[in-house]
Structures are given as C-alpha cells and as structure tokens.
K.L.:
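The structure that follows is given in the form of structure tokens.
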Amino acid sequence: MRPHDRNTTARTPDRRTLLMTGAAAALTLGTVSFASPASADGGADDPRPQSESETETDGTESTRTVRGTLPPGSPDFVYLPVEVPRGVRELHVSYTYDRPSVPAGTLGNALDIGVFDERGTDLGGRGFRGWSGGARTEFFLRADAATPGYLPGPVRAGTWHVALAPYTVSPQGLAYEVTVTLRFGAPGTTPAPVYPPLRAKGRGRAWYRGDCHLHSVHSDGRRTPAEIAALARAAGLDFINTSEHNTPAGHRAWDGLWGDDLLILTGEEVTTRNGHVLAIGMDAGTFVDWRYRARDNRFGHYAREIRRANGLVVPAHPHATCIGCHWKFGLGDADAVEVWNGAWTPDDEISLADWDNSLVASARSGTSWTPAMGDSDSHRDPDPIGTPQTVVLAEDLTRDAILAGLRAGHSYVAESARVALTFGASGGRGAHAGIGERLRVAEDAPVTVRLEVTGAPGCTAHFVTDGGTLHTAPLPASGDGTVEWRTTPSYATYVRAEVRHPSTTPGLPGPMAAFTNPVFLGR
C-alpha cells in the first residue's frame, strides 16, 4: 500500500491474497509502510522513495489509517501487514467498524482484533503478541508495558500483522477502519515476568475447592486480578485458574496476589470458531493457538501442546448457545469436560445429559471415561466467583496434585462453599470406592451406595446410573443428611449423585446444587 499524509485514508487495494494456513482460511491485505524518522526526507537509509505529499513524520510518531469492507462469508482471519522500520519505541493500533441495523434473526457485525510481530503469523508460531478480541477498540505495546491482553517487548523492525477476525458479518458487509501509529525513540527494557508459584501451603491430602474459568481485564472481563483474588478468597476457594481468551498475557499479572491460602494456576480459554476449551494449569507463559476449526483436524495437535505444557484439556460450556461456543471437536482429546458453567441453565442440563451418555458408552466399551467439572466463567459484577466450584481430592495444594485429582475424576461440583458432599460405595469384606474410583466386586455382589450432604436445605438427593435415576430421597429441612441405596454391579454399572433444588417448572428437574463424578461398580 502506498503511504499517504498523516491521518488520511488509504483504501484497501483490490489485490488480495487468500492463504490456506493449514487451518482456517486467511485473507492478507496490502501492506502499510512507514518511513523511519531519520529518513523521512528520502535519505540514504530510506527503505523506499518518499515524497512530502505521501507521508508525514514529525520525528516522534507517524500514523496511517486504512479503510475497507469485508463481505459476508469472509475468512475467519484477515491480516493487515505493517512494515515497521528501525527505531520504533511503541506500536499503537485503534479500530472501528460499522454496526448497521439488521432484520430480526440476522447476524450483525462483530470484529475481533490482535497482533503478530515480525516473526510471522504461522499457526502455533512465535509471532503472537496479543489479542483483545472484541473487548477493546485500541491497544499499544512497547518494551516495558502493553495493554492488558498484549505482551510487552521490543517493537523490532520487520513486517508485523494486525489480525482482524470477522466473527459475524451483516448482509451489508463489515466496513472497518484501522489506524496504526508508530512512536519512535529508545526501545526501553522489558522486565522479567513474575509468575505464580506452583504450590501453596495446603492441608496435605484433602478436598480443595477451585474455580478454573475466570476472566479479568486481560481479556473480556472487567475485574482486575486483585479483585478476582479477593473474591476467590471470599468464596472459600483454595485455587483458581486464569483463563483469558486466546492470550497468556495475564499470567504475569498476579504478583503478590497468591499466598499460603490461594494457589493460582495459569491457563487460557482457547476460543475457536467451533467451541472453547480451557487449558488448565499450563506452564506460565505458554500460548496455545486458536486459529482453526473442527474441519481442519488440528485440535488434537494443540491438545497435545497443552499437555506438553503440563496442562489439562477441558472443553468449556459444550452446549452453550452463543455463536462459536458449541463444542464440535468431540471428547476424544479431553482430560475433563466443563458440564456446569455459571448459573444453572438448560444448556447445562443438556451438557450433563450428554456427559452421562458418554459414561454409558465408556462403561459398555471398557474405555477410559471423561470426568466432569464446573466453573463460574465469571467476567464482571454481578457474576459471582465460585458459583459453581469444583471440589477435588488432592494430595496437597500444588499444581501437579490438583491436576492429578481433576484428571482422575476425584471431584464433585457444588454451587458454593456451603455445600459439601461425601459419596462412595462399599461391598463385602471391607471393599470401598470413592468418587472417581471403581468398586471391584462380583456382578451379583450386594453394594451399598452412601451420600452425605451438608448445606443443601430444601434439596433432594438423586442416584443416577447407566439405567437412569434409580433412587431419590428428600434431604432434611436443615439440608444436612445421609442417603443410602443398595444395588449390584449387574443392575448399575456406575452410580453418581445429584443434589437438586425444588423444580421451578412442572415436569422438569430442579436446578442443581451439587453433583459428583461416578463410582464404577464391578470388575
């Protein structure tokens, strides 16, 4: 793209390049070029001929503005190359786009944004420098600081790419405007990141409460990390996991906020066009790419990347109704699945039923099963943190121990710290199995299933098996009580417990107060 006067408009050229990246298709626009401040007069260091009418630099900064329109059916990612000269201290980008009225039932415009540096836009490459999705209209980055969601570091010379992601496009098209400003000067230094430790004091082998799906100002949340840490402690949590959309920038934002009483895990919500997946407890600073769809057959690769970074792969809100939220990659690469997300809603009921069906299939085939989790997905007030929360049996309050407990399914999900469960099954000769374990007894051996509940007034206990809900009992008015049921492995391949509030709609089950992962019965 040829340069223009400062703050004038440069039309997107007709010549465009459609790239197939091995994943989602991407459109690359014409290049935006800047002269270095030392050569704006066309001196010997000028990277290409300039004239006074084509560009302006005042010695401290230079700006270009690009306008264009993306048609319906545009690729998932549109890259705007920016030639960055030497001597740049700071990159600043702002953007706007048109939001025309559309008929009911028709999608309007939504445009996300991020940036890749001179190392390129290759899928899974090293060029990622930040992402804010649709949460911000501008961002900056330089060596010593960056907008939340972006990684501080030097602005090196080369071809950078502003990444535009047309999430939805109206029938009128998506008219956009991107303004890039380069500020010149000494580059500065980048401070070494400070990441949360991998352990807290803990209580040894115990049940620990956590919320692994939270958003701060480092993606589309409105709370600071300090506010989240305070609310997590108030909710009775022992651990949390950072899960910003498509960026690890928030990993370094928790300095001084952890403590003996709170373990902070670092992760990401990998937000693809075919569903979201939580990368829980990864090595701090790890970036997981999201630029692919289920049809691209790339998710298995990135699931392995998450595990290589010592994290868990957990599909989030698999039946959520928001655009792009419905999980389409299957559970074959999942370590667990987020069945309960925020306040209990019909899509959680569907997720629970779908997960229960997967238990039936696993029990029938003898294959491994996928544990369930619950998280708040809290973004801002009044979204509560720790509603729900996953309660996991771990050897200690460390990253490795918490993730091992979650991976094994030694956990249950509760609506708050007020609700506590003890659940297990016992057979002859003292055999016993707890949540996520197998009671290995003969198919015709009598088995006693026992549930102890505290903190669930007005609720009813349900025992759910591969044959459906086979036992129901009301809890005492206090909400504290014990329920027992006798069965055999030939009658119930597994048993799990649900504690529900009274139904608010005739014929439908009541909202969930807590549920457990299963206990499997038989050899």
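Only this structure's heavy atoms are used, side chains among them; waters, hydrogens and symmetry mates stay out.
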K.L.:
What closest approach, in Å, do Leu151 and Arg252 show between heavy atoms, and which atom pair accounts for it?
P.N.:
CD2-NH2, 4.2 Å
K.L.:
Is it the case that Glu83 and Thr159 place a side-chain donor and acceptor less than 3.5 Å from each other?
P.N.:
yes
K.L.:
Tell me if the CZ atom of Arg199 is crowded by more than 12 foreign heavy atoms within 6.0 Å.
P.N.:
no
K.L.:
Tell me whether the rings of Trp207 and Tyr412 are parallel (<30°), tilted (30 to 60°) or perpendicular (>60°).
P.N.:
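If you compare the ring of Trp207 with that of Tyr412, the planes turn out tilted.
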K.L.:
Would Arg99 and Tyr97 count as a cation-pi pair here, with the cationic atom under 6.0 angstrom from the ring centre and within 45° of the axis?
P.N.:
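Yes, Arg99 sits over the ring of Tyr97.
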K.L.:
Check whether the side chains of Ser62 and Arg64 place a donor and an acceptor atom closer than 3.5 Å, and report yes or no.
P.N.:
yes
K.L.:
Hey, are Thr247 and Glu268 close enough side-chain-wise for a donor-acceptor pair under 3.5 Å?
P.N.:
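No - no donor-acceptor pair under 3.5 Å links their side chains.
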K.L.:
Looking at Asp375, Thr242, Asp377, Asn241, which hits side-chain hydrogen bond (donor to acceptor under 3.5 Å, both in side chains) with His213?
P.N.:
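With His213 as partner, Asp375, Thr242, Asp377, Asn241 yield a single side-chain hydrogen bond (donor to acceptor under 3.5 Å, both in side chains), made by Asp377.
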K.L.:
Are more than 12 heavy atoms, taken from residues, nucleotides or ligands other than Asn297, located less than 6.0 Å from that residue's CG atom?
P.N.:
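No, because the 6.0 Å sphere around CG of Asn297 holds 12 heavy atoms or fewer from other groups.
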K.L.:
Would Leu406 and Thr390 count as a side chain to side chain contact (heavy atoms under 4.5 Å, CB included) here? Give the steps.
P.N.:
CA-CA 9 Å; Leu406 293 172; Thr390 299; 3.7 Å; yes
K.L.:
Which word best sums up how the rings of His326 and His319 line up, parallel for under 30°, tilted for 30 to 60°, or perpendicular for over 60°?
P.N.:
perpendicular
K.L.:
Do NZ/NE/NH1/NH2 and the carboxylate oxygens of Asp76 and Arg291 come within less than 4.0 Å?
P.N.:
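No, this pair does not count.
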K.L.:
Assess, by modelled atom type and distance only, whether the side chains of Tyr292 and Thr272 contain a donor and an acceptor separated by less than 3.5 Å.
P.N.:
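No, because no side-chain N or O of Tyr292 sits under 3.5 Å from a partner of the opposite role on Thr272.
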K.L.:
For the residue pair Thr271 / His245, report whether a side-chain donor-acceptor contact shorter than 3.5 Å exists.
P.N.:
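A pair is found: one side chain offers a donor N or O, the other an acceptor, under 3.5 Å apart.
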K.L.:
Is the shortest heavy-atom distance from the side chain of Leu182 to the side chain of Leu91 under 4.5 Å?
P.N.:
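In short, these two side chains touch, coming nearer than 4.5 Å.
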K.L.:
Any carboxylate oxygen within less than 4.0 angstrom of a Lys/Arg side-chain nitrogen, looking at Arg203 and Asp238?
P.N.:
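Salt bridge between Arg203 and Asp238, a charged N being under 4.0 Å from a carboxylate O: yes.
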K.L.:
Can you see whether Ser351 engages Asp348 through a side-chain donor-acceptor pair at a distance of less than 3.5 angstrom?
P.N.:
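Asp348 and Ser351 do not have a side-chain donor-acceptor pair below 3.5 Å.
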K.L.:
Between Arg205 and Asp396, is the closest basic N to carboxylate O distance under 4.0 Å?
P.N.:
no
K.L.:
May I ask you to establish whether Arg399 and Phe239 are in a cation-pi arrangement, using a distance under 6.0 Å from NZ or CZ to the six-membered ring centre and at most 45° from the ring axis?
P.N.:
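Relative to the ring axis of Phe239, which defines the angle, Arg399 lies outside at least one limit.
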K.L.:
Looking at Asp381 and Arg223, does any basic side-chain N land under 4.0 Å from a carboxylate oxygen?
P.N.:
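Yes, Asp381 and Arg223 are salt-bridged.
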K.L.:
Between Asp289 and Arg298, does at least one N-O distance fall below 4.0 Å, as a salt bridge requires?
P.N.:
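No, no charged N to carboxylate O under 4.0 Å.
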K.L.:
State whether Arg89 and Asp144 are salt-bridged, where the test is any N-O pair (Lys NZ or Arg NE/NH1/NH2 against Asp/Glu carboxylate O) under 4.0 Å.
P.N.:
no
K.L.:
Please check if any side-chain donor atom of His215 sits under 3.5 Å from a side-chain acceptor atom of Glu269, or the reverse.
P.N.:
yes
K.L.:
Looking only at heavy atoms, what is the nearest atom pair of Asp333 and Ala303, with distance?
P.N.:
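Reported closest heavy-atom pair: CB-CB, 3.9 Å.
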K.L.:
For the residue pair Phe329 and Phe299, categorise the inter-ring angle as parallel (less than 30°), tilted (30 to 60°) or perpendicular (more than 60°).
P.N.:
tilted
K.L.:
Given Thr179 and Val93, is the side chain to side chain contact (heavy atoms under 4.5 Å, CB included) satisfied, shown in steps?
P.N.:
CA-CA 6 Å; Thr179 299; Val93 177; over 6 Å; no
K.L.:
Would Asn517 and His410 count as having a side-chain donor-acceptor pair, cut-off 3.5 Å?
P.N.:
no
K.L.:
Please lay out, stage by stage, how Asp347 and His317 fare under the test side-chain hydrogen bond (donor to acceptor under 3.5 Å, both in side chains).
P.N.:
CA-CA 8 Å; Asp347 63 272; His317 45 65; over 6 Å; no
K.L.:
Within this structure, what is the OG1-NZ distance for the pair Thr398 and Lys201, rounded to the nearest 0.5 Å?
P.N.:
15.5 Å
K.L.:
If you count heavy atoms of other groups shown closer than 6.0 angstrom to CZ of Arg380, is the number above 12?
P.N.:
yes
K.L.:
Side chains of Ser94 and Thr137: any donor to acceptor distance under 3.5 Å?
P.N.:
no
